Amino acid sequence: MDIPVFIINGFLESGKTAFIKDTLKTEDFNDGSSTLIIATEEGEEEYDDFELMKYKAHVENVENEEALTKDFFIKACDICKAQRVFVELNGMWKLDEFIEKLPGFMQVVQIITLVNAETYDMYLANMRQVMMEQYKMTEMVIFNRCTKDSDRAAYRRSVKAVNSRAQVYFESSDGSSNEVNEILPFDINSPEIEISDEDYGLWYMDAMDNPEKYQDKIVKMKVVVYKPKQYIKNNMFAPGRFAMTCCEDDIRYIPVLCKCDKQMMKALDGYRDRDFINLVAKVNVEFCKEYNGPGVMLYAMDITAAAKPEDELVYFN
């Protein structure tokens with residue numbers, strides 16, 4: 001029988017131990033099932049043996065990655081007859097490598113990354129690539145210990161730039177939840193939205209998250225041409241920009257889909273992949289297999305030549 005594994009990821013003092021302890025007290029997990037906790041680092045907060053007994057939980061401490069062998073996992077699960085496993089993962093360890101070490105009967109069902117908002121800017125400045133790697137496979141990111149000065153919108157963008165599917169939540173220092181309203185650098189209420197070169201990344205993330213906001217809007221922006229054969233035969237192309245998500249080694253193309261009538265297809269013929277164009281298009285929200293659901297579909301209204309911007313890359317801040 002497979003054992004579900006919940007991986008709680010994050011740097012030291014990001015609140016992983018407290019999160020697991022609180023989770024064990026919830027109705028969904030306080031059901032009498034036996035829980036194994038694999039703790040891979042020692043922080044300020046510790047597990048209380050009495051509390052663990054109350055919730056049928058057992059802790060195995062591991063500080064050396066080499067100790068994570070198949071035999072270790074089998075024995076650790078056998079000791080407490082584990083019915084589920086929480087992993088308090090060292091934020092400096094590679095998540096994908098840890099998952100590869102799990103035996104077949106241990107199935108990862110959820111990955112959550114915790115972030116201490118008080119130290120986030122410091123980690124972002126000094127260990128950005130390591131932090132971005134944490135986001136790539138996670139399903140949920142929780143920023144805790146937020147204050148009134150925490151730039152929630154920027155924090156959310158830093159996650160979404162790497163993993164657009166991740167859910168992002170915020171908790172204040174007092175433990176209360178916080179919503180974040182993105183302040184956009186263009187007028188979302190205008191029927192025509194002009195997106196500057198430096199703002200494409202912000203528009204892209206907002207359009208992917210909230211496509212309905214752009215229904216029937218006309219957007220004007222400078223984009224790169226990309227004409228995959230499978231799109232061209234359907235009178236479509238994929239305009240977009242190249243974006244830096246975390247470092248110079250992690251640059252990706254972020255396109256939207258655009259349909260063209262005969263006139264616009266003729267105009268597009270004059271451009272090659274990676275040429276810059278000025279695109280004017282109307283937005284419709286449609287189901288697209290490329291988006292795995294409803295998303296922004298552009299309908300080209302005008303295509304003209306454009307000079308390369310001063311910086312060909314876009315960013316998410």
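Owing to the predicted nature of the structure, the values given are computational and were not obtained by experimental measurement. When a residue number appears, it is its place in the shown sequence, counting from 1.
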Which other residues belong to the hydrophobic cluster containing M53, where Ile, Leu, Val, Met, Phe, Trp and Tyr are joined when side-chain heavy atoms lie under 4.5 Å apart, directly or via other members? none
Return the minimal non-hydrogen interatomic distance between F276 and A307, and the atom names on each side. CB-O, 4.2 Å
Indicate whether any N or O donor in one side chain lies under 3.5 Å from an N or O acceptor in the other, for N235 and Y231. no
Check the angle between the aromatic planes of F29 and F86 and answer parallel, tilted or perpendicular using the 30° and 60° thresholds. tilted
Could I get the full list of ring-ring contact (aromatic ring centres under 6.0 Å, His included) partners for F237, not counting sequence neighbours? none
What distance do R145 atom CZ and S14 atom OG have between them, rounded to the nearest 0.5 Å? 7.5 Å
I'd like to know whether the aromatic ring centres of F143 and Y169 sit less than 6.0 Å apart in this structure. no
Within the distance-only criterion (no hydrogens, no angle test), does the side chain of D48 pair as donor or acceptor with the backbone N or O of E51 below 3.5 angstrom? yes
From E46 CD over to N61 CG, what is the distance, rounded to the nearest 0.5 angstrom? 9.5 Å
How about Y214 and V285: do any of their side-chain heavy atoms sit closer than 4.5 Å? no
Can a side-chain donor-acceptor contact be found between E286 and N284 if the only test is distance below 3.5 angstrom? yes
Taking every non-hydrogen atom, the tightest pair across S158 and M132: O-SD, 3.7 Å
Rounded to the nearest 0.5 Å, what's the gap from CD on E133 to CG on N9? Could you check? 11.0 Å
One should read off an interatomic distance between I37 CD1 and L52 CG, to the nearest 0.5 angstrom, of 5.5 Å
side-chain contact (heavy atoms from CB on, under 4.5 Å) with V115: of Y155, Y135, Y123, only one passes, and it is Y135
To the nearest 0.5 angstrom, please state how far the CD1 atom of I111 sits from the CD1 atom of I7. 5.0 Å
Enclosure of R274 CZ (heavy-atom neighbours >12, cutoff 6.0 Å): no
Can you find a side-chain donor-acceptor pair between E88 and T17 that sits under 3.5 Å? yes
Less than 3.5 Å apart, any donor N or O on the side chain of S33 or D31 sitting next to an acceptor on the other? yes
Value for CG (L313) from OH (Y200), rounded to nearest 0.5 Å, stands at 13.0 Å
Going through the distances and angles, do K220 and E192 end up as a salt bridge (charged side-chain N to carboxylate O under 4.0 Å, His left out)? CA-CA 8 Å; K220 302 176 179 180; E192 295 188 6; 3.1 Å; yes
Return yes when atom CD of E194 has more than 12 non-hydrogen atoms of other residues, nucleotides or ligands closer than 6.0 Å, and no otherwise. no
List the steps and the verdict of salt bridge (charged side-chain N to carboxylate O under 4.0 Å, His left out) for K227 and D273. CA-CA 6 Å; K227 302 189 288 186; D273 284 352; 5.7 Å; no
Please check if the number of heavy atoms outside Q110 that lie under 6.0 Å from its CD is greater than 12. yes
Is it true that R241 and E312 make a salt bridge, defined as a side-chain N closer than 4.0 Å to a carboxylate O? no
Are K75 and E60 within salt-bridge range, i.e. N to O under 4.0 Å? no
I need the minimum non-hydrogen distance between G15 and N144, along with the two atoms involved. CA-ND2, 4.4 Å
